Structure formats: structure tokens, C-alpha cells
Amino acid sequence: MLRRTIFDGVLFGFLLSVLTAAVLAPTEEQLLQLGIVSVWILIFFALGCVLSGALTRLRVNTLGAVLFGPLAAAEPEDRAWYRLFWKWQLLVALLAAFVVAVVKTEFSFIELFDQHGFAGAVRLFKGLLNPNWEVLPRAVLNIVETIFMAFLATSLAIPLAFVLSFVCAKNIMQGPVARVVYFVLRTFLNVTRSIEALIWAIIFSVWVGIGPFAGMLALMIHSVASLAKQYSEMVESVEEGPIEAIESTGANKLQTIWYAIVPQVLLPYISFTVYRWDINVRMATIIGLVGGGGIGTMLVQYQGQAMWREVGCIIAVIAVVVWALDQASAHIREALK
Amino acid sequence: MAEVLLRVEKLSKTYANGVQALKNVDLEVQQGEFLVIIGLSGSGKSTLLRCLNRLQEPTSGNIFFQGQDVSQMQDVRDIREVRRQMAMIFQHFNLIPRQSVLKNVMMGRLADKTLWQSFWGIFSAEEKRQALDNLRLVGIAEKAPVRADQLSGGQKQRVAIARALTQKPTLLLADEPVSSLDPATCHVVMDYLRKINQELGITVIANLHFLSLVRKYATRVVALKDGEIVFRGRPDEITEEWFRRIYGEGAQDVAPNDL
């Protein structure tokens, strides 16, 4: 009921906003007045909710009612699609969203096939496909730096994530104090994880200076948060039987974790960790773009000077390494199953 | 008259969801008995065993084990010592997969291990010898280096018995020890339980389903129904009538007597 109203409210509100914007054609100046705009949007949302309620009262099934229930009226089996309100509602909303998206992204075939721009793209691709192998030694040197940056970030993240995984597992953290710790840490890790490694790299490049160290720290923070979540989910899904058995021998809490839980989660842990290293190598190249060191930093330097043949060489090196690691980690993870 | 090893007084257990698993259960267990608890699934058998060693917290009542009141213990070290003395085996064996049989058996010694020793898995030669002796006792010593998950069900349960023996217990709690085994293996495992009961003098409390097994192995029987004890007596005292009263009208013993 509540979810239906909110969902329909948002949909109808969106359509009303689009219509109003199309009719009134506000200037950017006017759109930047957040206060007024939000009042308008709130009004539209409220109108949408009212509309949803009214339609239900009229025994018309809205999209929200179909999704979340309860239905306002029984759905006839044999009715053609164009005689169902909610299908029109979905179609119109999607169309409107598509139109808004096209306008917002300034989509233009003219730009895409503009002669001048097109010639530039051709020049770029010519460079990329005809790499200058003279920079290969430096590219290799840099990608080695990137690989080890990712490796160190993963290794340093393992012990932290390992400890956190037990403190963040619901089945271990029982009792009132433990629950508070669990909740606080979970929230903290969720926030940490929702900040992209790219952002962490920017933060650390200010903190410790531009270079591989900043990139490594950024990857490490992100890895700790991601691994801790994956690890703790494994801990939560272990079999209870062995835990009970070890407890019944008179073992204490830490012994129980070490003997009953760790053997059960070790292989998945290794599997996740190998995959994380693989992800970190890919991320490390991106992080280099904002000053995290390694091959990414080299890439952005040549790109800034429009030296496309050198960029082509770097991209080739990255592609080979990422592909090789991806294969290797897939094989290792397969073998660990 | 043998000595009383365990006395349970007015034991009740109500789960957080409101289910009353045990209602004022009174029970006395003598040293050296092979006591069997029967009853339908959900009658409270497993809960009773788990309250005895505090894997479950009793809601009210008292449990006296060798003169100590287990139900009132606050110090976790005391509870752990009680658990060591009341070893337990389970329906699904609950061995640690991917670890060797020998290591599984030695886990019975964890209660006496320091954190440092247990972290590095340090077990003395003496403990290793004891573990092997116990494996020999259940006739499975040759499997010591094998990974526990590669054994058959009956073998796993025997390893679990060996692990329990390594705790040097005075009482063995067996929670449906043969419920997931085939009839032939069933008897092998039950025979070993009787052996440790008679030869080592370890008191056994076992939850069982099959009446034929009860008649063959138990020295005394208690029947639980809806969390209450409805029958106490010798195994040969369970008549057809009692059986129906415990298991409900129309019930038939699933295991034939030739089992």
C-alpha cells in the first residue's frame, strides 16, 4: 500500500514535472533555485500519490499496485495489452525518461558524424592501432609497479578483513554489546565501501602525495571493506553442526572460531582474495589516472600530450596483463571449488 | 543402588518464539546407566540434552551433575569444564571437514589447551597416542590420516565417538546417534556405544527413535511427549499400548524387529 503509493507518486510526479518543464521551458537560472524546484517536485509527487489513490478508488490497477499489490481489481486474463492502464503507464514513463535522457546528454548525430571530429577520431585510432613500441620498456616497468601496488593492497587488506569478518558476522555477534559493535562496524564498512577507490585515491594523493603509495592505500581501504563483507557473508553461512560440536568439547569462543569456522571458510576466502587481487590490478590502472602511480599515471601523461601511438602501446600492455590475470584467477578459483 | 550422576529438577525451556520445548522435566540418571529417551520429533529430546551441557540455556529448573548445579553456573570456565565431562555426539556427526580424522579426534582436548597451543594446533605425543587409542577402540585407527569428509556415515559417527572419548567424559550425550545411518551401520555404532558404556563405565544418555534398538540397548527408558515425561521404566515395559500413547494413535514401529 505504502510502497504502491510512493512508486506511483514518483512515476506520476515525474511525468507531471516533465510536462510542466516542456510547457514552461524554464531557464537554467530558474532550475538552479533548488528551494523552489523542490517545492514544485514535492507538489507533483503529492499529486501523483493522490492520483494513485484515486485510480485505486476507481478500481484501476496502477503499475505500483501490480508490482507491490494489493490489486485494486482482478486482472482479466484475456484483455489486450492496450486496454490495461498499467502497461500504458509503464510505456509512457519509459518513453518520457528516454526523451529526457536524450535531451540531457545532448545526444547528437551531427556531432557523431561531424567531419572534423570524425577525422580526429580516425587519427586517434590510427595511433592506437599503430603503437610506438619504443615506450614498451617503460610501460612494462610501470605495469609491474601497478601489479605490486595491487598485490600489497590486497595482502595488507587480508588480515584486517579477516578479523573484521568475524566481528561483522551476525551468527558470532550475539548478545546486546556484540550487536551494537556489529551494527556500528557494518555501517562503517558499508559507508567505506560505497566510496569509490577513485575517491580514496584523490584523498590519499593529497594526504601522502601523488604516487603509487597513495594508490596502494586507496586500493587497500576499498579492499578491506569489500573483503570484510564477502568474508563475513561466508562466516554467516557456515554449517552450525561443527560449531556445536566444538563448543560441546568445552572449547572457548576463539577456539570454536578457529577450529569449527575457519576450516569451513578458508577456501572461499582464498578464492575471494585472488579475485580481489585481479580486481585491484584493473582498478590500479584507473587509479593511476588521478595520480595513484603505476601504468595509469603514465597513460594519462601521454594522453594529455595526444601522443596516441604511445597510448596505444600502454593500452596493449594493460590489456595483456589484465587478460592474463583474469584467466589465471578464474582458473585458480575454479580449482579451489 | 548406584550413585546418582545427574539429577534434573523441574527443567523448563521456552524458546524466544514462544515454543515450550520442555515443561517441568524431572529426571535422575544413575552412574553407569544406558538411558534412552524416546519421543516424536519436536517432543523436546534434543532440547533436553542441549540444556544439560548448556548449549541451550534452560528457562527454569535445576540440573545437578556430580553435585554441582549446572543450571546456575555463571562462569564460562565452569560451564566449559562441565561440557568437557559431558561429551556429546550428534545426528549429523558434526566432524570438521577437510581435517584429518586424527585431528578431529584430538579436538576433544581443546578444553585443556591454551590459546597459543590451540592457535598453532600443538598437541603432545601423549595426546596423539590417546587419540589413536580411542580410534582403535572404535575400530577405525587405520583411518587416522584420512580426511574426515571422505568417510562413510558410520565411520564418521565412530570418529565422533572417539572425539568424545578423548574428552575423558563421565557422561556421553548422544543426540539421535543413528538416525542418519542405514540399519546395518546402526547396530555397529550402537554396539560401540554399549561397549564404552559397559567397558569404560561411561554413563550414556541417548535419543533414539526405533523401539527395537531401545529394547536391545537401553537399561532404562524415558519417553517425552510435548515436553513432558510420559513414561519411565524398563525397555521391556513399553507395550504396544504405551507405544501408541507416546507416538500417537495409529503409529507403527518403523524399524522391524529383525533390524
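Only this structure's heavy atoms are used, side chains among them; waters, hydrogens and symmetry mates stay out. Below, chains carry the letters A, B, ... as their sequence lines are ordered, and counting in each starts from 1. All values derive from a computational prediction rather than experimental measurement.
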*What residues of residues 37-59 of chain B sit under 4.5 Å from chain A when you count only heavy atoms?*
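When heavy atoms of chain A are the reference, residues 37-59 of chain B contributes R50(B), N53(B), L55(B) within the under-4.5 Å range.
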*Sort by residue number and list every member of residues 167-181 of chain B having a non-hydrogen atom under 4.5 Å from chain A.*
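Contacts with chain A: Q167(B).
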Look at atom [atom1] of [X] and say whether more than 12 heavy atoms of other residues, nucleotides or ligands are closer to it than 6.0 Å.
X       : atom1 : value
Q327(A) : CD    : yes
F64(B)  : CZ    : yes
F151(A) : CZ    : no
F213(A) : CZ    : no
K128(B) : NZ    : no
Y15(B)  : OH    : yes
Q66(B)  : CD    : yes

Could you pull out the closest heavy-atom pair between [X] and [Y], with the gap in Å?
X       : Y       : value
S248(A) : F90(B)  : OG-CZ, 3.8 Å
P263(A) : P97(B)  : CB-O, 4.4 Å
A251(A) : R80(B)  : O-CD, 3.3 Å
I96(B)  : A260(A) : CD1-CA, 4.0 Å

*For a side-chain contact (heavy atoms from CB on, under 4.5 Å) with N252(A), tell me which candidate from V76(B), L115(B), L110(B) qualifies.*
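Looking at V76(B), L115(B), L110(B), the match for N252(A) under the side-chain contact (heavy atoms from CB on, under 4.5 Å) is L115(B).
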_Atom group of R163(B) that falls short of 4.5 Å from chain A, counting heavy atoms_ =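 Only the side chain of R163(B) comes within 4.5 Å of chain A.
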*So which part of I79(B) gets closer than 4.5 Å to some heavy atom of chain A, the side chain, the backbone, both or neither?*
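The answer is neither part of I79(B).
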*Pick from M88(B), R77(B), R98(B): which one has the most heavy-atom pairs with chain A under 4.5 Å?*
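Looking at each of M88(B), R77(B), R98(B) in turn, R98(B) comes out on top.
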_For I243(A), which atoms come within 4.5 Å of any heavy atom of chain B: side chain, backbone, both, or neither?_
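No part of it gets close to chain B.
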Approximate separation, where rounding is to 0.5 Å, of [X] [atom1] and [Y] [atom2]:
X       : Y       : atom1 : atom2 : value
Q255(A) : Q117(B) : CD    : CD    : 9.5 Å
R83(B)  : E247(A) : CZ    : CD    : 5.5 Å
N94(B)  : E240(A) : CG    : CD    : 10.0 Å

*I246(A), V262(A), L266(A): which one forms the most heavy-atom pairs within less than 4.5 Å of chain B?*
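Sorted descending by pairs with chain B, the first entry is I246(A).
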*Y259(A) side chain to S118(B) main-chain N or O, any donor-acceptor pair under 3.5 Å?*
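At least one qualifying donor-acceptor pair exists.
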